[in-house]
K.L.:
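First the structure, then my questions, so here it is.
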Number of protein chains: 2
Amino acid sequence: MPIYTAASLKAELNEKGWRLTPQRETILQVFQNLAEGKHLSAEDLYYMLQNEGEHISLSTIYRTLKLMARMGILRELELAEGHKHYELNQPYPYHHHHLICVRCNKMIEFKSEPILKIGSKTAQKEGYHLLDCQLTIHAVCPTCQRSLLPA
Amino acid sequence: MPIYTAASLKAELNEKGWRLTPQRETILQVFQNLAEGKHLSAEDLYYMLQNEGEHISLSTIYRTLKLMARMGILRELELAEGHKHYELNQPYPYHHHHLICVRCNKMIEFKSEPILKIGSKTAQKEGYHLLDCQLTIHAVCPTCQRSLLPA
DNA sequence: CAGAAAGTTGATAATCTTTCTAATTAAGTG
DNA sequence: CACTTAATTAGAAAGATTATCAACTTTCTG
Ligand SMILES: [Mn+2]
Ligand SMILES: [Mn+2]
Ligand SMILES: [Zn+2]
Ligand SMILES: [Zn+2]
């Protein structure tokens with residue numbers, strides 16, 4: 001049961017004077033078909049599409065990911081060093097946050113209704129229109145704590 | 001009343017087999033003398049030091065910012081497109097979060113004890129050693145909502 | 001006080017991301 | 001279905017960040 005259909009994406013884009021292109025539709029579909037807890041980098045998406053016979057240039061992929069994040073359709077995450085990851089920005093019962101080990105990048109997702117409420121309330125109080133709120137917890141996982149490596 | 005002195009930084013570095021260098025001490029000092037609500041990019045820091053007659057190479061600056069973020073001394077923030085910002089990672093009464101307009105990058109800091117508690121509790125439950133937790137709210141500010149520009 | 005071992009720096013190369021531009025394409029109009 | 005207009009794309013260039021490596025510094029050993 002996808003949140004966005006091609007039609008609703010088109011409507012939202014046109015509202016701002018933008019256009020629905022095959023590239024944008026394809027990229028949205030990839031994220032809607034993505035398994036829970038999966039996150040894609042720009043390169044992941046690029047090669048995933050290549051394997052399916054679709055060619056979308058890397059610059060279009062980067063541009064589209066940014067655009068959809070700014071629209072509130074995708075979330076941009078810093079899960080690992082060196083590159084960003086993206087996932088669908090889903091509403092309440094699916095909305096979640098991330099706990100990340102700064103050493104090995106192991107990541108755990110968790111939900112919190114109170115945080116979502118604080119986020120909404122804070123945005124509202126300042127007159128901001130909320131797109132997404134994400135708690136990022138940086139920490140050291142049990143394994144890395146035990147590790148003797150100084151890194 | 002700085003949290004870290006040169007001595008305590010040295011102690012924490014040595015504990016992991018690392019060393020306190022003049023460059024690291026200088027960079028820590030810059031952040032400790034930074035006004036509340038200020039955030040620095042790697043380039044900001046680079047040119048700020050140049051103006052004070054200190055030369056630290058950009059690669060050392062990037063390396064040190066990463067190191068201190070992984071140690072929990074600094075926080076790495078995505079406040080604007082294209083580059084990261086850093087600030088001191090301060091404990092409870094100073095600990096705060098960020099509300100950001102995705103269009104104009106206007107940013108508001110706010111505090112929340114409940115979020116800090118949820119963050120600590122979540123890390124603890126999973127056996128993670130907490131370094132930092134930051135709520136990032138992406139939204140559209142009142143001015144940009146009124147703006148007719150489609151961007 | 002040598003000499004060895006390990007960490008750090010600065011310069012450079014590699015990688016990731018954003019910006020720029022000419023050619024193309026979606027959307028609106030008659 | 002032309003035709004106009006403005007947004008979008010692909011590719012190249014520029015910018016930001018990370019990785020690599022030789023020279024240097026600090027710490028440890030004998
Ligand atoms: Mn997730
Ligand atoms: Mn701040
Ligand atoms: Zn770990
Ligand atoms: Zn704004």
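Numbered from 1 within each chain, the chains take letters A, B, ... in sequence-line order. Keep in mind that what you see is a predicted model, and the values were worked out from it rather than measured.
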K.L.:
From the set C/dG10, D/dA16, D/dT9, return the single nucleotide nearest to any side-chain atom of B/I56.
P.N.:
C/dG10
K.L.:
Is it true that A/I115 and A/M107 fall in one hydrophobic cluster, defined by side-chain heavy atoms closer than 4.5 Å?
P.N.:
no
K.L.:
Take atom CD of B/Q50 and atom P of C/dG10, then tell me their distance rounded to the nearest Å.
P.N.:
11 Å
K.L.:
Dump every N/O contact between nucleotides 27-29 of chain D and the protein below 3.5 Å, one line per pair.
P.N.:
none

K.L.:
When the nearest nucleotide of DNA chain D is assigned to A/G82 and to A/L13 on a heavy-atom basis, which residue is associated with the more 5' position?
P.N.:
A/L13
K.L.:
Between B/R103 and B/Q145, is there a donor-acceptor pair closer than 3.5 Å when you use the side chain of the first and the backbone of the second?
P.N.:
no
K.L.:
Please pick, from D/dA10, C/dT17, D/dT18, the nucleotide with the shortest atom-to-atom distance to any side-chain atom of B/K84.
P.N.:
D/dT18
K.L.:
Among side-chain atoms of A/H85 and A/H98, is any donor-acceptor pair under 3.5 angstrom?
P.N.:
no
K.L.:
In this structure, how many angstroms lie between the P atom of C/dG10 and the CD atom of B/E54, rounded?
P.N.:
11 Å
K.L.:
Counting the atoms with a prime plus P, OP1 and OP2 as sugar-phosphate, which does B/T21 contact under 4.0 Å by heavy atoms, base, sugar-phosphate, or nothing?
P.N.:
sugar-phosphate
K.L.:
Indicate whether the side chain of A/E36 and that of A/H96 have a donor and an acceptor atom separated by less than 3.5 Å.
P.N.:
no
K.L.:
Tell me the interatomic distance from A/L58, atom CG, to D/dA10, atom C1', rounded to whole angstroms.
P.N.:
11 Å
K.L.:
Looking at C/dA11, C/dT18, C/dT17, which one has an atom nearest to any side-chain atom of B/H55?
P.N.:
C/dA11
K.L.:
What integer distance in Å separates B/L77:CG from D/dT17:P?
P.N.:
13 Å
K.L.:
Going from CZ on A/R63 to OG on A/S57, what distance comes out if it is rounded to the nearest 0.5 angstrom?
P.N.:
6.0 Å
K.L.:
Which nucleotide, D/dG11, D/dA19, D/dT8, lies nearest any side-chain atom of A/S57?
P.N.:
D/dG11
K.L.:
In whole Å, I'd like the distance from the CD atom of A/E15 to the P atom of C/dA26.
P.N.:
21 Å
K.L.:
Is any side-chain N of the basic residue among A/E25 and A/K10 closer than 4.0 Å to the acidic one's carboxylate O?
P.N.:
no
K.L.:
In whole Å, I'd like the distance from the CZ atom of B/R24 to the P atom of C/dG10.
P.N.:
11 Å
K.L.:
Just by distance, no angles: are the side chains of B/H97 and B/E109 close enough, under 3.5 Å, to form a donor-acceptor pair?
P.N.:
no
K.L.:
Could you tell me whether B/Q50 atom CD has more than 12 heavy atoms of other residues or ligands within 6.0 Å of it?
P.N.:
yes
K.L.:
Atom CG of A/L65 to atom P of D/dT9: distance rounded to whole Å?
P.N.:
12 Å
K.L.:
B/S59 side chain N/O closer than 4.0 Å to the phosphate oxygens (OP1, OP2) of C/dG10?
P.N.:
no
K.L.:
Please confirm whether the shortest side-chain N or O distance from A/Y62 to OP1 or OP2 of C/dT18 is below 4.0 Å.
P.N.:
no
K.L.:
Rounding to a whole Å, what distance do you find between A/W18:CH2 and C/dT25:C1'?
P.N.:
18 Å
K.L.:
Does C/dT25 have OP1 or OP2 under 4.0 Å away from a side-chain N or O of A/Q23?
P.N.:
no
K.L.:
Using a 4.0 Å heavy-atom cut-off, does B/R63 contact any base of the nucleic acid, only the sugar-phosphate backbone, or nothing at all?
P.N.:
base
